[in-house]
Amino acid sequence: MTTTLSTKTRVCFATLLTTDSYHHGALTLAASLRATGTAYEIICLVADGQLSRPTLERLQLSFDRVVNIPILQSSNMDNLALMGRPDLGSTVTKIGVWALTEYERIAFLDADTLVLDSIDSLLDMPPSGSEQQHSNEISIGQDIRPNGGMRNEGLLAAAPDLGWPDCFNSGVFVAKPSKTTHAQLLELLANQGSFDGGDQGLLNAYYSDWSRADHSRRLPFTYNTTSTSFYSYAPAFAQFSPAIKIVHFIGLQKPWKWHRSPDGSLHEGDVGASFSTFVEQWWKMHDKYVSLWSPDKGLYDSTIALSLNGCFENQSNNKPSEDANKLLLNTEMFDIVSSHATDNSWKRDGEYHVTDSAQDTANDSWGSFTPARDFTLE
Ligand code: GLC
Ligand code: MN
């Protein structure tokens, strides 16, 4: 199928933040998507009133749109405890994706995913006016999947979860927003709750026929390869890992929590050498576009990257200013930041939807911060 971007249909990639602590993930994910050269809009959903102002301002620099959505909280604490993740109760906020009916299609990615190769095929739509305009068909490489008549509207595709492959993993999915689906998901949450206490349990209860009803709704595992795959089936991992398009860092040990030596090298984690290659790739992306590795500061210093953004913003020739050069000389990463500076797609105009209820709490990894350009608070 050829890649056609219809001007009439609006589609986007989206992620979600309900807490400041995942902002490194969201920013690095956006960078990895841009690095694939995607033409599509990239938006960040944020839980209303939950994020600090510095985080929101930084998101606005990286995403095309930052959209406030109501925070939801699961009350199924026992189920969350069973999963060993009491922190995941607010992930049910994710069902807000279905309320965004200004989009025809949304490819959702958790903030702890990294895109390694173009995934635009998830959003490519048939040309407007063609017979297939309203089809839910998704093209995955050369594999054209027919619309097999789904029992539940609203979910176009997702990949199996390794823990229970009859369930889909809700870290990556393609949705068709729908007010009806959104209302039904809210109702299900209120009446039955979620069997895992998070969004995945809720969504799998709603789309309970996902594994059987329609093969077009099954994404290849390479669109959501989870860290656990390495030790579950190492030979398959070795065979298919070159085809991986999206890595999903599930579990507690997120890439941004790995320790690094002053030279930037990673300390051995507990996921095994093969998977740590992806953690290295995450950091490479992060260092190149989100922040600069700073030996003086220990972990990393996003504030330097931010001040550099400001320097570049005022340069008509896209070359770092003298101030930026001074900072760069200290970090020995001039080549990396130069490529950042010439990447025009990095900066795009976007909307900014933040209410005054957004907390103004200083986040220790950001420190004090001045936004690079003006924006309006709604
Ligand atoms: C799994 C999914 C994640 C979801 C969580 C809670 O970890 O990967 O996307 O938020 O379950 O349901
Ligand atoms: Mn995740």
Side-chain angles (χ1 to χ4, degrees), residues 13-19 21-30 32-33 44-47 50 69 71-98 106-116 119 155 157-175 185-186 188-189 192-208 210-211 219 221-230 232 244-258 271 275 278-279 282:
F13 292 110
T15 190
L16 166 70
L17 279 186
T18 60
T19 154
S21 62
Y22 275 58
H23 74 267
H24 318 76
L27 295 171
T28 306
L29 165 64
S32 71
L33 264 170
C44 188
L45 309 181
V46 296
Q50 302 303 305
I69 60 171
I71 174 105
L72 296 172
Q73 187 71 41
S74 130
S75 51
N76 305 98
M77 294 314 287
D78 291 353
N79 300 345
L80 284 167
L82 201 56
M83 195 162 56
R85 295 296 302 274
D87 54 315
L88 293 182
S90 62
T91 62
V92 288
T93 303
K94 205 184 277 182
I95 64 178
V97 165
W98 278 270
I106 297 180
F108 182 89
L109 298 125
D110 268 4
D112 58 354
T113 59
L114 182 74
V115 177
L116 305 181
I119 51 167
L155 180 72
D161 184 85
L162 263 193
W164 200 266
D166 288 342
C167 290
F168 60 91
N169 182 284
S170 60
V172 176
F173 60 87
V174 186
L185 284 167
L186 284 175
L188 187 65
L189 178 65
Q192 283 180 34
S194 161
F195 71 74
D196 74 358
D199 60 292
Q200 184 161 307
L202 180 73
L203 290 169
N204 274 279
Y206 184 75
Y207 293 111
S208 56
W210 168 81
S211 65
L219 279 179
F221 190 61
T222 48
Y223 280 74
N224 187 358
T225 310
T226 43
S227 3
T228 41
S229 60
F230 170 70
S232 317
I244 294 174
K245 288 178 178 286
I246 303 171
V247 189
H248 186 180
F249 300 100
I250 60 168
L252 281 167
Q253 208 191 11
K254 304 302 180 197
W256 54 90
K257 291 188 175 169
W258 281 48
V271 295
F275 213 83
F278 296 123
V279 179
W282 186 94

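Bear in mind that the values here come from a model prediction, so they are computed numbers and not experimental data. Below, each value reflects all heavy atoms present in this structure, side chains not excepted, and no hydrogens, waters or symmetry copies. Whatever order the structure lists ligands and atoms in, that order sets their numbers, starting from 1.
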Practice item. Check step by step if side-chain contact (heavy atoms from CB on, under 4.5 Å) holds for I69 and L16. Key: CA-CA 9 Å; I69 60 171; L16 166 70; 4.0 Å; yes
**Study point:** atom 7 (O) of ligand 1 within contact range, any protein heavy atom under 4.0 Å
**Key:** no
Review point. Side chain of Q50, backbone of T18: donor and acceptor closer than 3.5 Å?
Key: no
Practice item. Provide the number and element of each atom of ligand 1 under 4.0 Å from a heavy atom of D110. Key: 3 (C), 9 (O)
**Study point:** ligand 1 atoms in contact with K94 (distance to a heavy atom under 4.0 Å)
**Key:** 9 (O), 10 (O)
Practice item. Give a yes or no on whether the backbone of K254 and the side-chain of D112 come within a donor-acceptor separation of less than 3.5 Å. Key: no
Point to revise | Per-atom contacts, ligand 1 versus T91 - under 4.0 Å to a heavy atom | key: 6 (C), 10 (O)
**Study point:** Shortest protein heavy-atom distance from atom 1 (C) of ligand 1, along with the residue and atom involved
**Key:** Q200 OE1, 3.3 Å
Exercise for review: Going by the side-chain hydrogen bond (donor to acceptor under 3.5 Å, both in side chains) test, name the single residue among N224, T225, T226 that passes it with H248.
Suggested key: N224
Point to revise | Atoms of ligand 1 close to G198 [distance to a heavy atom under 4.0 angstrom, numbered from 1] | key: 6 (C), 12 (O)
Check your understanding: Hey, is the main chain of N79 close enough, under 3.5 Å, to the side chain of D196 for a donor-acceptor pair?
Key -> no
Exercise for review: Could you list which atoms of ligand 1 come closer than 4.0 Å to a heavy atom of G171?
Suggested key: 9 (O)
Practice item. Keeping the roles fixed (side chain from S194, backbone from D199), state whether a donor-acceptor pair exists under 3.5 Å. Key: no
Review point. Is the gap between the ring centers of W98 and F173 under 6.0 Å?
Key: yes
Review point. Please state the angle at the Mn ion (ligand 2) spanned by NE2 of H248 and OD1 of D112: what is it, rounded to 10 degrees?
Key: 90°
Review point. How far is atom 4 (C) of ligand 1 from its nearest protein heavy atom, and which residue and atom is that?
Key: D199 OD1, 3.1 Å
Check your understanding: So, K94 side chain and F108 main chain: donor-acceptor pair closer than 3.5 Å or not?
Key -> no
Revision key, fill the gap. The atom name of the N, O or S atom in D110 nearest to the Mn ion (ligand 2) is OD2
**Study point:** Donor-acceptor pair, side chain of T113 and main chain of V247, under 3.5 angstrom
**Key:** no
Review point. Which atoms from ligand 1 have a heavy atom of H248 less than 4.0 Å away?
Key: 8 (O)
Check your understanding: So which bit of N169 gets within less than 4.0 Å of ligand 1, heavy atoms only: side chain, backbone, both or neither?
Key -> side chain
Point to revise | Any R85 heavy atom less than 4.0 Å from ligand 1 | key: no
